[in-house]
Engineer: 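One structure is given below, represented as structure tokens, and several questions about it will come after.
Residue numbers count from 1 along this sequence.
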Amino acid sequence: MMLRNYSIIVPFSGGVESTALVYHLKKNGYEPYCFHIKSNPGEINTIQQKAKLLGVEVTTIHTDYNPASGYLFNREASHEHYKKTFNYNVFPPMHQQWATIAFNLAITNIVQAVYFGHNGGKLTPNDTAGDSFHEFGEAQYEGYVKAAATVDLSLSFKAPLAHLSKQEQYQMLPDQLKKLIYVCFEGNKKHCMKCSKCNELKAICTEEQLQYYV
């Protein structure tokens with residue numbers, strides 16, 4: 001796969017931050033190469049609709065760490081580790097999975113910039129909730145930058161909208177895109193409105209906007 005016409009790689013989950021990022025890039029004249037890691041039916045259901053509205057192509061990548069059981073070969077140990085480490089949920093964080101794929105794409109195709117959606121830990125402008133396990137932002141990808149340097153590639157990982165809260169990023173989107181946002185952890189085609197991600201959605205939406213998801 002050659003990405004000769006692209007200067008930016010974007011991991012695109014279809015959630016608030018990644019959608020706002022791609023919207024921002026397109027609005028400012030950039031042409032990002034977007035990839036999506038298959039996670040659950042809700043994301044798959046709307047990802048190409050969002051891509052069409054944004055005017056980008058999104059490649060869905062399937063990763064299967066253990067075909068026999070579907071995902072984890074040591075599920076109990078993994079759940080115990082991540083629940084203890086993040087006090088958040090029992091699955092490995094997606095941001096390190098996409099970073100590895102983005103790194104491989106970048107060094108294979110000599111692309112120097114990976115842009116990722118991030119809210120700097122802020123759910124709304126006045127608090128510090130949100131994606132708290134992203135607290136190190138760009139710094140957590142320094143290892144990939146150093147690895148790229150060994151093959152003489154000047155690679156950077158950037159989060160250009162990290163100064164904005166999740167709410168600010170959500171509200172910058174046109175209504176058509178807002179209606180296609182999917183964030184639920186439960187893996188169903190509709191939002192459960194009970195998990196932590198759905199609760200974040202409740203906090204950043206108006207009552208009218210919440211009707212898009214229930």
Engineer: Show the nearest heavy-atom pair for residues M193 and V214, with the distance to one decimal.
Structural biologist: CG-CG1, 3.7 Å
Engineer: Excluding sequence neighbours, so at least two apart, what forms ring-ring contact (aromatic ring centres under 6.0 Å, His included) with Y182?
Structural biologist: H191
Engineer: State, without any angle test, whether T124 and S165 hold a side-chain donor-acceptor pair at a distance under 3.5 Å.
Structural biologist: no
Engineer: Work out which heavy atom in P160 is nearest to a heavy atom in L21; give both atom names and the distance.
Structural biologist: CG-CD1, 3.5 Å
Engineer: Show the numbers, then the answer: is there a side chain to side chain contact (heavy atoms under 4.5 Å, CB included) between V114 and F103?
Structural biologist: CA-CA 8 Å; V114 176; F103 171 77; over 6 Å; no
Engineer: I need the T206 OG1 to K178 NZ distance, nearest 0.5 Å.
Structural biologist: 8.0 Å
Engineer: C34 versus T59: any side-chain heavy-atom pair under 4.5 Å?
Structural biologist: no
Engineer: About how many Å separate CD1 of I9 and CD1 of I101, when rounded to the nearest 0.5 Å?
Structural biologist: 11.0 Å
Engineer: What pair of heavy atoms forms the shortest contact from L54 to K26, and how long is it?
Structural biologist: O-CE, 3.2 Å
Engineer: Roughly how far apart are C205 SG and Q171 CD, rounded to 0.5 Å?
Structural biologist: 7.0 Å
Engineer: Check side chain to side chain contact (heavy atoms under 4.5 Å, CB included) between Q112 and all other residues, then give those that pass, not counting sequence neighbours.
Structural biologist: L153, S154
Engineer: Should the heavy atoms of other residues, nucleotides or ligands under 6.0 Å from NZ of K158 be counted, would the total exceed 12?
Structural biologist: no
Engineer: Would you say the side chain of L164 lies within less than 4.5 Å of the side chain of N119, judging by non-hydrogen atoms?
Structural biologist: no
Engineer: Do K122 and E168 have side chains that approach each other closer than 4.5 Å (heavy atoms only, starting at C-beta)?
Structural biologist: no
Engineer: Ignoring hydrogens, what is the shortest heavy-atom contact between L155 and A106? Give both atom names and the distance.
Structural biologist: CD1-CB, 3.8 Å
Engineer: Give the minimum heavy-atom separation between I204 and Y170, together with the two atoms involved.
Structural biologist: CD1-CB, 3.7 Å
Engineer: Just one of Q49, Q48, K50 clears the side-chain hydrogen bond (donor to acceptor under 3.5 Å, both in side chains) bar with T46, so which one?
Structural biologist: K50
Engineer: List the steps, then state whether side chain to side chain contact (heavy atoms under 4.5 Å, CB included) holds for V183 with E43.
Structural biologist: CA-CA 8 Å; V183 301; E43 289 184 351; over 6 Å; no
Engineer: Under a 4.5 Å side-chain heavy-atom rule over Ile, Leu, Val, Met, Phe, Trp and Tyr, are I181 and I44 clustered together?
Structural biologist: no
Engineer: Under the criterion ring pair (Phe, Tyr, Trp, His ring centres under 6.0 Å), which of Y115, Y141, F12 is the partner of W98?
Structural biologist: Y141
Engineer: Go through the structure and list residues passing salt bridge (Lys or Arg N to Asp or Glu O under 4.0 Å) with D152, not counting sequence neighbours.
Structural biologist: none
Engineer: In the structure I gave you, are the side-chain heavy atoms of C195 and C184 within less than 4.5 Å of one another anywhere?
Structural biologist: yes
Engineer: Count the heavy atoms belonging to other residues, nucleotides or ligands that lie under 6.0 Å from NZ of K52, then report whether that count exceeds 12.
Structural biologist: no
Engineer: Does K179 have any salt bridge (Lys or Arg N to Asp or Glu O under 4.0 Å) partners at least two apart in sequence or in another chain, and if so, which?
Structural biologist: none
Engineer: Given side chains that start at C-beta, do those of L161 and H118 come closer than 4.5 Å, heavy atoms only?
Structural biologist: no
Engineer: Would you please test K38 and I61 for side chain to side chain contact (heavy atoms under 4.5 Å, CB included) and show each step?
Structural biologist: CA-CA 6 Å; K38 183 180 178 182; I61 295 174; over 6 Å; no
Engineer: Side chain of T150, backbone of K146: donor and acceptor closer than 3.5 Å?
Structural biologist: no
Engineer: Which residues pass the ring-ring contact (aromatic ring centres under 6.0 Å, His included) test with F35, not counting sequence neighbours?
Structural biologist: none
Engineer: When you look at S7 and Y33, which way does the side chain to side chain donor-acceptor pair (under 3.5 Å) test go after all the steps?
Structural biologist: CA-CA 8 Å; S7 59; Y33 172 78; over 6 Å; no
Engineer: Are there over 12 heavy-atom neighbours, none belonging to E207, within less than 6.0 Å of that residue's CD?
Structural biologist: no
Engineer: So, do Q140 and F157 sit near enough that their side-chain heavy atoms are less than 4.5 Å apart?
Structural biologist: no
Engineer: Can a donor-acceptor pair be found, under 3.5 Å and without considering hydrogens, that links the side chain of Q169 to the backbone of K166?
Structural biologist: no
Engineer: Determine the minimum heavy-atom distance between V58 and I47, stating which atoms define it.
Structural biologist: CG1-CG1, 4.1 Å
Engineer: Is it true that atom CD of E31 has more than 12 heavy atoms of other residues, nucleotides or ligands lying nearer than 6.0 Å?
Structural biologist: yes
Engineer: With heavy-atom distances below 4.5 Å as the criterion, would you say the side chains of P32 and Y6 are in contact?
Structural biologist: no
Engineer: Among all residues two or more places apart in sequence or in another chain, which pass the ring-ring contact (aromatic ring centres under 6.0 Å, His included) test with Y23?
Structural biologist: none
Engineer: Does K190 make a cation-pi contact with Y213, if we ask for NZ or CZ under 6.0 Å from the ring centre and within 45° of the axis?
Structural biologist: no
Engineer: Any non-hydrogen side-chain atom of V111 less than 4.5 Å from a side-chain atom of I8?
Structural biologist: no
